[in-house]
Amino acid sequence: MRFLSWRKAKHLTVIKPKCRICYSSTATFAAVFQDKIHITRKELCKLLHQRPPKSQLKQIHAQILTQELSSTASIVNSLIHCYLHIKEVTSARFLFLHHPLSSPPILIWNLMIRVYCKLQNSSESFSLFRQLLNLDHPIRVLPDEYTFTFIVTSCAHQKSFVHGKIVHGLVVRNGLESNLYVGNSLINMYSVFKITDDAYKVFDRIADRDVFSWTSLICGYANNGEMYQACEIFYKMPVRNDVSWAVIISGFAGNGRYMEVLLYLNEMLGSVEDKVRPNEAVLVCALSACANLGALEQGNWIHAYIKRNEIRDSSNMSTALIDMYAKCGRIDIARLIFNRIPRPDVHNFTSMISGLSYHGLGDHALTVFNRMLDANVNPNEVTIIGMLNACSHSGLVEEGSSIFYNMENLWGIKPQIEHYGCYVDLLGRAGYMEKALGVVKNMHIKPDIVIWRALLSACRIHRNIFLGNSIINFIQKLNSDGPSGSEVLLSNMYASLGNWEKVSEVRNAMGQRKTQSDIGCSWIEVQQKVNLYRDDGFFNCMSLPVYQIERGMEGCSVELNLMSSVSFSAFLFRYAFASFQESMDVSSSFSLTTGTSMPLSGFDLPKFLWSRTSGRAG
DNA sequence: ATAGGGTTAG
């Protein structure tokens, strides 16, 4: 065996491995073909064990071929490992297919199944799994806990309940259900399926649960909208990490309970648990909560927190910041943030465009949209919705129409029901009633209530009582026994057309059926007081620094001094889920701690009414 | 000869 000097080798690809192949610190290992350098099998193994980068791996592979080592199982196994490490799945798959053993060991099967699982290519991992199960004596290899972990995860990705049930059966038959990893993936799978009972059953059978088991279960409850159970588990779990916090917080965000998002963020900030600091996911959720609550002050605070803690400003983060500032009325700051992004991506552009559209700045939105196209960034379906809304609110009919009619051929976006809704709204607002009706008639999807509402509201604006009436008749036929939401709409439509007899007719019918619907509410801050208005006439008022939460129905009233975030949160938790229990004496349930300030100044959280207040009528 | 490899959120 000979080695090249550094000078001689420089035309070749140079490898400086850290293993013992380096006979001197600058020793060179060069391409096999040119110089016929021979290295021993042991050395090859060591090199492979380092998971070399692509170019070097190819050289080593060539060396293996020339030395006819490609029939040595352990070498091929290592090679597959290396190719998967650099994400060259096709090469790995080739080696797997031509494996020297009639069946590769289970580890290699697992590696192959795992890579397809990671790539979200469930059909490939299923197909490999099927092949594995079909192996016969004497080459039979049995799936182990690793195999099942990946396959269960693939079922979750595929959202295939049937596969999931079959695989679960196999897991049980192999006695692996109580295995921590398999169990955790099963909990996750049922969480994705939103079958929380089954998730809990698996959770119950795991003896030594870890933070993943608990977190997966919380995730399942949150996905299924069962925030009460999610909170219960969250408080019960012995150790929480930042992911657990992220799950519960994003759970609240996903269920539209933005007040609790901020409360839990606040509690997280005060947490003494190790390494529990708000991460990007949590902060993005919190910003979105601020956006939805119109909580500019809290949003500002979070922005400052991000800067102060030098949290990497990712694309998601700047998108969330732009959205928050735009929805909280500070389109100027939103633009400032947007303009500072060196290479905005589609999400950044979209939040900027949507923001401009809420502010009625259609022509600015159009400028940003053109800038986006110039930068070769393709819009997505949300961008188009933003643009259609922008055009709609600024009367840019031609521009909007051109975007609507070209979205499919220019950017491959098939118009969805939302796009039709926006476009009909655009035409209707501008007074092109016949055109709007024509679009609805020629839709390739069945028009939904939103579309009819857009048309009706156009009828109202342009006082087209004839068309309005025919649409109302049509809706009535559509929803003879439909959900109550359309009845509310219907009565509003009659009201907007001034047909009060019909209004009372619909309202009476609703009353008899005991319609349950979300109560709308809005609030406004006047002189340090938050005033809440609810559709059902319930009026609520909070003043600072003593927060008073009134529940008109029970007549129970609670005064809260500035208490620690933890007890405040616990209070809200209990209060929220006591759900109108008559016997509950809130003020005595908690010893209120006074004087403990919020962990960080400027975070005047209880200023905002808690979103549960706008929940369902009891 | 033997180990090797994995799960959760956004």
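In the text below, chain A, chain B and the rest are named by the order of the sequence lines, each starting its count at 1.
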Practice item. Give a yes or no on this: more than 12 heavy atoms of other residues, nucleotides or ligands lie within 6.0 Å of atom NZ of A:Lys159. Key: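 Open.
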Exercise for review: Assess A:Arg371 against A:Phe349: is NZ or CZ under 6.0 Å from the centre of the six-membered ring, and within 45 degrees of the ring's axis?
Suggested key: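 No, a cation-pi geometry is absent between A:Arg371 and A:Phe349.
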**Study point:** Quiz item: cation-pi between A:Arg130 and A:Trp109, 6.0 Å / 45°
**Key:**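 No cation-pi geometry.
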Check your understanding: What orientation do A:Tyr264 and A:Phe252 show, parallel under 30°, tilted 30 to 60°, or perpendicular over 60°?
Key ->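 The rings of A:Tyr264 and A:Phe252 sit tilted, inter-plane angle from 30° to 60°.
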Exercise for review: Hey, can you tell me if A:Phe203 and A:Tyr200 have their rings parallel, tilted or perpendicular (30° and 60° cut-offs)?
Suggested key: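 Because their plane-to-plane angle lies in the 30° to 60° range, the rings of A:Phe203 and A:Tyr200 count as tilted.
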Review point. When the distance from NE2 of A:His81 to C1' of B:dA3 is rounded to whole Å, what number comes out?
Key: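 Rounded to the whole Å, the gap is 11 Å.
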Scan nucleotides 7-10 of chain B against the protein and return all N/O pairs shorter than 3.5 Å with their distances rounded to 0.1 Å.
residue : atom : partner  : partner atom : Å
B:dT7   : OP1  : A:Lys118 : NZ           : 3.3
B:dT7   : O2   : A:Asn184 : ND2          : 3.1
B:dA9   : OP1  : A:Asn188 : OD1          : 3.4

